[in-house]
Amino acid sequence: MMNMACGNFYFLLLLVIFCISRNIVVDGKLSPKFYSSSCPNALTIVNEGVLEAINKEARVGASILRLHFHDCFVNGCDGSILLDDTTTFQSEKTAAPNNNSARGFEVVDNIKAKLEKACPGVVSCADILAIISRDAVVHYGGPTWKVRLGRRDSLTANRSAANAFIPGPSFNLINLTTNFAQFGLSTKDMVVLSGGHTIGLARCATFRSHIHNDTNINTAFAKSLQQKCPQSGNNNVLQPLDYQTKYRFDVKYYQNLVANKGLLHSDQQLYNGDKRADSLVKKYAMDQCRFFNDFAKSMLRMGNIKPLTGSNGEIRRNCRKPN
Ligand code: HEM
Ligand SMILES: *[C@@H]1O[C@H](CO)[C@@H](O)[C@H](O)[C@H]1NC(C)=O
Ligand SMILES: *[C@@H]1O[C@H](CO)[C@@H](O)[C@H](O)[C@H]1NC(C)=O
Ligand SMILES: *[C@@H]1O[C@H](CO)[C@@H](O)[C@H](O)[C@H]1NC(C)=O
Ligand SMILES: *[C@@H]1O[C@H](CO)[C@@H](O)[C@H](O)[C@H]1NC(C)=O
């Protein structure tokens, strides 16, 4: 099943050996079987919810993948992005990178409601984000992986931390590398996780200066985008991050970068003359198998950022508010 492009026996064998060794070595506290006795249908319930949601709206799987990323980069993968404002804290939803941009919260709510019926108080909102991201990537034709589970939910959110830690589209390569390094993620993790931009859409406001003022962009590509996203106005006009296949998880994103057809300034920074990043982009552009395997590994690493475990945090009953 996994990665049809990699369907060669020796490769699969190596992959199996690699995966087994990973299970032993990495990931300390989280485990793929965390709910296997406390909520045996959890993964099925989540998967059904994801498929239902994407069948209703093709884009929403991209949106929920982004939610997991924006959750993990703010005090770890603790479901903090899902909390609404309270009298004691301001939500991360309204931080600059998320306001009028982060979406898919109802998908999480619907799945959480079903999980609460099946196994009340058991499955955390932070874990739901990790599982739905994997399921969405698989749905769009990407790789699969065994999601590590057992994260607990935060009691608070922090808007200023969301503003401080979520990287923005104006970032240059050094900014991006430094930002990811804060979470123990390498340049390679950063380049491969940026491949998440093989699906989904971005607002004009986020790519305007790249298409009007940057020089490392294909001229015809820039011109056609300038029609849709002029120097001012049309802030919320949407364009695909991967102009070729916006709802297909493939290597077109990297091929676009090699052709100077990245949509965001930050995307094109990954292929802009720095040898190390350029060579990774070129490799992924030519090798879907490598992209898929590295993406799965890096998603596990991102999903491992500072989880709350043991008696820290709680299992929220409603992902939007602390119990
Ligand atoms: C490397 C640094 C990154 C930057 C600077 C960045 C920036 C952005 C921006 C500006 C948008 C458009 C937001 C809007 O229009 O409101 C976006 C969308 C998106 N990002 Fe990223 N991103 C980064 C990394 C990632 C990662 C690591 C993932 C997941 C693995 C990801 C997944 C997505 C997805 C799927 C969308 C489309 C969401 C939708 O259609 O609703 N991004 N990103
Ligand atoms: C979020 O966006 C809304 C609507 O555009 C705006 O009214 C509000 O001030 C923004 N919130 C923050 C915290 O910037
Ligand atoms: C929220 O995050 C900011 C920026 O990282 C930090 O300075 C502040 O102490 C945090 N607030 C709380 C209540 O943790
Ligand atoms: C990005 O890097 C530039 C220099 O390369 C630096 O001046 C700027 O402060 C950095 N921005 C962020 C948000 O780290
Ligand atoms: C592009 O640069 C010009 C000249 O510096 C500036 O006036 C304009 O606002 C910039 N446009 C965007 C979209 O950043």
Side-chain angles (χ1 to χ4, degrees), residues 50-51 53-70 97-105 107 132-143 166-171 176 190-214 216-231 233-272 281-282 284-286 288 291-292 295 299:
V50 170
L51 296 186
I54 299 180
N55 285 332
K56 251 192 251 159
E57 197 219 359
R59 180 186 177 191
V60 84
S63 308
I64 59 188
L65 170 62
R66 184 164 182 247
L67 285 184
H68 182 44
F69 163 50
H70 285 199
N98 294 329
N99 200 23
N100 305 309
S101 173
R103 60 199 296 285
F105 296 108
V107 177
I132 61 183
S133 300
R134 188 270 315 269
D135 289 0
V137 167
V138 170
H139 176 85
Y140 293 118
I166 298 171
S170 66
F171 277 30
L176 292 167
M190 190 273 291
V191 171
V192 74
L193 288 171
S194 296
H197 289 175
T198 179
I199 52 174
L201 309 177
R203 290 168 306 148
C204 166
T206 67
F207 57 83
R208 171 178 283 129
S209 71
H210 179 57
I211 62 166
H212 287 282
N213 281 351
D214 284 352
N216 60 348
I217 182 169
N218 172 283
T219 309
F221 182 68
K223 284 234 165 72
S224 79
L225 286 166
Q226 286 163 8
Q227 312 287 313
K228 293 161 183 149
C229 178
Q231 286 278 6
N234 288 12
N235 278 348
N236 295 321
V237 163
L238 296 168
Q239 285 299 305
L241 285 155
D242 164 7
Y243 79 96
Q244 299 197 70
T245 52
K246 63 185 172 201
Y247 299 131
R248 189 85 207 145
F249 203 95
D250 56 20
V251 298
K252 296 265 162 47
Y253 167 78
Y254 294 105
Q255 294 175 356
N256 297 342
L257 297 184
V258 172
N260 279 344
K261 293 178 179 178
L263 184 66
L264 305 178
H265 171 82
S266 51
D267 289 329
Q268 197 59 56
Q269 283 293 302
L270 307 183
Y271 191 84
N272 189 43
V281 167
K282 271 195 271 184
Y284 293 135
M286 289 185 309
Q288 175 168 285
F291 170 46
F292 279 16
F295 186 82
M299 283 297 289

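Model, not experiment: these values are computed from the prediction.
Of the possible donor and acceptor atoms, none in the side chain of His210 sits under 3.5 Å from a partner among the backbone N and O of Ser266. Although no hydrogens or angles enter the test, the distance criterion places no donor-acceptor pair under 3.5 Å between the side chain of Tyr247 and the main chain of Gly61. Counting only distance, with no hydrogens or angles, the side chain of Arg248 and the backbone of Ile199 share no donor-acceptor pair below 3.5 Å.
Looking only at side-chain heavy atoms (C-beta outward), Leu176 and Pro167 come within less than 4.5 Å of each other. For the pair Asp135/His139, no side-chain contact is recorded, criterion being any heavy-atom separation below 4.5 Å from C-beta on. Counting heavy atoms from C-beta outward, Leu263 and Leu225 have side chains that approach closer than 4.5 Å. Within the 4.5 Å cutoff, no side-chain heavy atoms of Leu67 are placed close to those of Ile132. In this structure, the side chains of Tyr253 and Asp267 come closer than 4.5 Å at one or more pairs of heavy atoms.
Of all heavy-atom pairs spanning Phe295 and Pro143, the tightest one is CD2-CG, 4.2 Å. Arg66 approaches Ser101 most closely through the heavy-atom pair NH1-OG, 2.8 Å. The two atoms that bring Gln268 and Lys261 nearest to each other are OE1-N, 3.6 Å, heavy atoms only. Between His197 and Leu264 the shortest heavy-atom distance is CE1-CD1, 3.7 Å. The shortest non-hydrogen separation linking Pro169 to Thr206 is CB-O, 3.5 Å. When all heavy atoms of Ala222 and Ile217 are compared, the pair lying nearest together is CB-CD1, 3.9 Å.
Two rings, from Tyr284 and Tyr271, have their centers 6.0 Å or more apart.
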Checklist entry - Passes side-chain contact (heavy atoms from CB on, under 4.5 Å), Gln244 versus Asn256? Steps please. => result CA-CA 8 Å; Gln244 299 197 70; Asn256 297 342; 2.8 Å; yes
Next on the checklist: Pair Ser133, Met299 - check side-chain contact (heavy atoms from CB on, under 4.5 Å), show working.
Outcome noted: CA-CA 9 Å; Ser133 300; Met299 283 297 289; 4.2 Å; yes
Item to check | Stepwise side-chain contact (heavy atoms from CB on, under 4.5 Å) check, Arg203 with Leu238 | outcome: CA-CA 5 Å; Arg203 290 168 306 148; Leu238 296 168; 3.7 Å; yes
Next on the checklist: If you apply the rule side-chain contact (heavy atoms from CB on, under 4.5 Å), what do you find for Asp250 with Asp242, and how did you get there?
Outcome noted: CA-CA 10 Å; Asp250 56 20; Asp242 164 7; 3.5 Å; yes
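Applying the side chain to side chain donor-acceptor pair (under 3.5 Å) test between His265 and each of Asn216, Asp214, Asn272 identifies Asp214 as the sole match.
Here Phe291 contributes atom CZ and Thr198 contributes atom OG1; the two are 6.0 Å apart, rounded to the nearest 0.5 Å. With values rounded to the nearest 0.5 angstrom, Ile166 atom CD1 is found 7.0 Å from Phe69 atom CZ. Note that CD1 of Ile211 and CD of Gln231 are 8.5 Å apart. Values are rounded to the nearest 0.5 Å. Atom OH in Tyr254 sits 14.5 Å away from atom NZ in Lys252 (nearest 0.5 Å). Rounding to the nearest 0.5 angstrom, the gap separating the CD1 atom in Ile54 from the CZ atom in Arg59 is 13.0 Å.
Classification of the Phe221-Tyr243 ring pair by plane angle, with boundaries at 30° and 60°, yields tilted.
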